[in-house]
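One structure below.
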Amino acid sequence: MKKILLVEDEPLIQKTLKMLLQRRGHEVMALSSGIKAIAQIHDENFDLIICDLMLQDITGFDIIEESKAKFSPEDISAKFRIITAYSSPQIIEKAKLYQCAIYSKPFTDVNLVIDNILRENNDAD
Amino acid sequence: MENQSNSSHARKRKDLTLYIDKRAKQELAFFDSFEISLTSKKSQSQYTLKNDSVEFSNNSEYRLYTPNEDSLKKHLANIQEIDSLSTDISPLQNLEDSFKKLFKNVTHIDDIILNFNKISNFKHYHFFQILVHEKGQSQAYSFSSESKETITVSSYNNIFSKVKKSKNKHFDLKDINSEDIHVIGSFLAKELEYTDLSIIVIASRGDLFSSQKEEKDFFSNLISYSKIKLAIIAKHTLILNQKMKIQNIIRNFPIYLNISSKLVNLESIQNAKNSTKTISNEHVTITYETVESSTNEADLFHHARLMIMGELLNTLSHELSNPLFGISISTEMLSLDSNEKDIDILSTIKEVGLSASRCQVIIKSFSELYNETDIKTETSLKTLINETLTLTKSESKFFKKKINFINTKEDDIYIFTNPTYLSQIVFNLVINSSQSLKESLLQTKEINIDVQEMEDEVTISVRDNGPGIPESKSNNIFNPFVTTKENGTGLGLAICKRLCEKINATIELRNQSSEWTEFRINIHK
C-alpha cells in the first residue's frame, strides 16, 4: 500500500483517479489547491505525488520547487508524477529537468496510465 | 510691376522701359542669360527691354541681360554705346579675357581657385577662398587652395551678411572675425546671391596693405561678370561632392536592397505571379518581386477572422478538454461497475460518456480546421462538409440541408487538399445561402450541397432556393465590396475566390435558374 497525494482541480478527474487508486488498495489524499498540497507535503510523508500542472492557484512546477526544501532531486524524480492537458515541448522540457514522468490528458486508457504511475521505476509511456 | 512707356529715353531708343519694384528685379536677375555688370552714372534704376536683351541700370551699375553668348558678343561689339553711358569702367575686353582665363578647363571650384593666379591683375594674390551654400542645406562648403571643409550655416551667414553690407568690398580680419576665413591680412570679398544658392569669393595678397581701388573694382566686376558661370561650377561641385559621399557610403557599406512591390488588384495576381526583375551594378542590387499580395482588404479580413477563430477555438479546446476528459473517465469507471445498477442508468451513463468523447473530437477537429497552415492532407469531403455545416448552425439551423454524393458508392470522396481553406469556402457559401434564405418567403427553404467526382476534378456545388443575386451584380459578385446584403462587407466571395486560387480550384456562379442560386467549386486534382 502506498500513501498517495493527488493534486487535480478538475472534480470528475480527481474523483475518478482517487477511486481507481483506492480500489487498488492505496491510501489517497485528493486536493484541488496547490498551496494546500505544499502544506501537506511538508506535514506528511507521501510515497507518490500525482500532480496536475495547471491548477487554479499555482502550477505543478511550483509545488515541485517548494518540495525541494524537503526532498532531494532523486526523491523528487521518484515521487512526483505530472499529469497535464498542455503537453507542449516547453513543458516536457521542463519536466525533464526534474526527471519526472509526464502523462498527457486525455488518457486513452485510464487503467494503463494508473498502472504506469504506480510502477516503481519512473518511466513515462 | 509698373508698366510705363513714357520715358523720353525709351521713346528716343524706340524701346520699352519698365520701372520695376525690388522683388521683380531679383526675379529678372534670373533671366536665363549671360550677364554683364558695369558701373554707370545713370540717375535712376531701370530695366530696358530690347529685341534680344534686357538692360538694367541704376546709379551705380549697368547690366545687360542677353539670352545667349552670340547676342552678348553683339553687345560687346557695341561697347562704345555702353562706354558713353558709363564713365569709370574697367575695360570690358579685359573682363572678357580674365573671365576666359578664370574658367579655362574648369569643372570644379578647385580649378577656379587655381586659375585665379593666371589672371594678370591677381598675380600678386596668394590666397583665394570660395564659400558656397545651397539654400536649405544644413551646412556650407569652403574651398581654398589649402583646404576643403564644411562650415556651419550660421558662420557662413555671418560672413555673407558682412560682405553684403560692405560698400568697398575690402576687409581686414577685424571686420569679419571668423575662423572659417583662412586669410592673413586684408582681403577682398564679393558675395553672389541666386534663388537657390549663394557664393562668397575671397581674394588676398597675404599682407596688411589696402588694395588699390582699381583692383577692388576689377575684382568686384569680374566676380559679378562671372555670376552665372560661377553658379554652374558651384552646383556642379556640390553634385560631385554629394556623389562622392554616396559612393563612399556604398563602398564601405554594401547593402542588399530588396524592394518588393505588392499588388493590390485581385484580378491581376494570377498573371503577375512570380515575376521578378533585378537591377544591379557593382554596389547595389535592387530586386523587384511581384509577390502574392497579402495586403488587399479581402485577404486581411480573412486573415484576421481566421486568427480570431483559431485563437478562440484553441482556448476553447484547452479549457473544455479537461472537464470533458473528466466526464469521459468517470463515466467509463461508472459503467465498469455494472453490478447493482439499473440497465437504464448504465446505458445513460454510457451515452453521457460517448457524448463527452464526441465533444472532444469536435473541438479537436475545429481547432485543426482553423489552423492557417499551408498543409495539404488527404481529406474526407463528407467529414469536412459535415463539420463545416455544424459550424454554420447558428445561421443555417432553420433550413433543410442535404449533402448529395453523386455517382459514388461510399457516399464520400477523398481529396488531397488544404482542409482549412476548403472548409472556409464552403462555410462562406453556406452562410451566404442561409442569409439569403432568411429573406425568402418560401415554405420549404433548402440548401443542397452536391459533391461529384470527375476525371480530373472534384466539384462541390452549394445551391439554395433563396431570392438569388440580381443580374446587375452577378457579373462582378466576386469583386471585393460587392454585396447583396444590407450590412454585408462584400468580402466573403472575394475571400472564397482567393482561397480557391490557393487550393488550385475555381469558383463560379452558375446560370441562375428560376429556382436555384448555385455556386460551384471546381477543385483540380
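Naming: A, B, ... by sequence-line order, numbering from 1 per chain. Remember, it's a predicted structure, so these values are computed and weren't measured experimentally.
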Atom of [X], atom of [Y] and distance for their closest heavy-atom approach:
X	Y	answer
I13(A)	G326(B)	CG1-CA, 3.3 Å
F107(A)	F325(B)	N-CE1, 3.1 Å
N322(B)	E8(A)	ND2-OE2, 4.1 Å
I329(B)	T16(A)	O-CG2, 3.5 Å

Taking atom [atom1] as the centre, does [X] end up with more than 12 heavy-atom neighbours from other residues, nucleotides or ligands that are less than 6.0 angstrom away?
X	atom1	value
K393(B)	NZ	no
E44(A)	CD	yes
K70(A)	NZ	yes
N45(A)	CG	no
K3(A)	NZ	yes

Q: Just give me the residue among Q14(A), M19(A), M54(A) that pairs up with chain B most often, heavy atom to heavy atom, under 4.5 Å.
A: M19(A)
Q | Contact check, side chains of E332(B) and V110(A), non-hydrogen atoms, under 4.5 Å | A | yes
Q. Nearest 0.5 Å, what's the OG-CD distance between S330(B) and E10(A)?
A. 9.5 Å
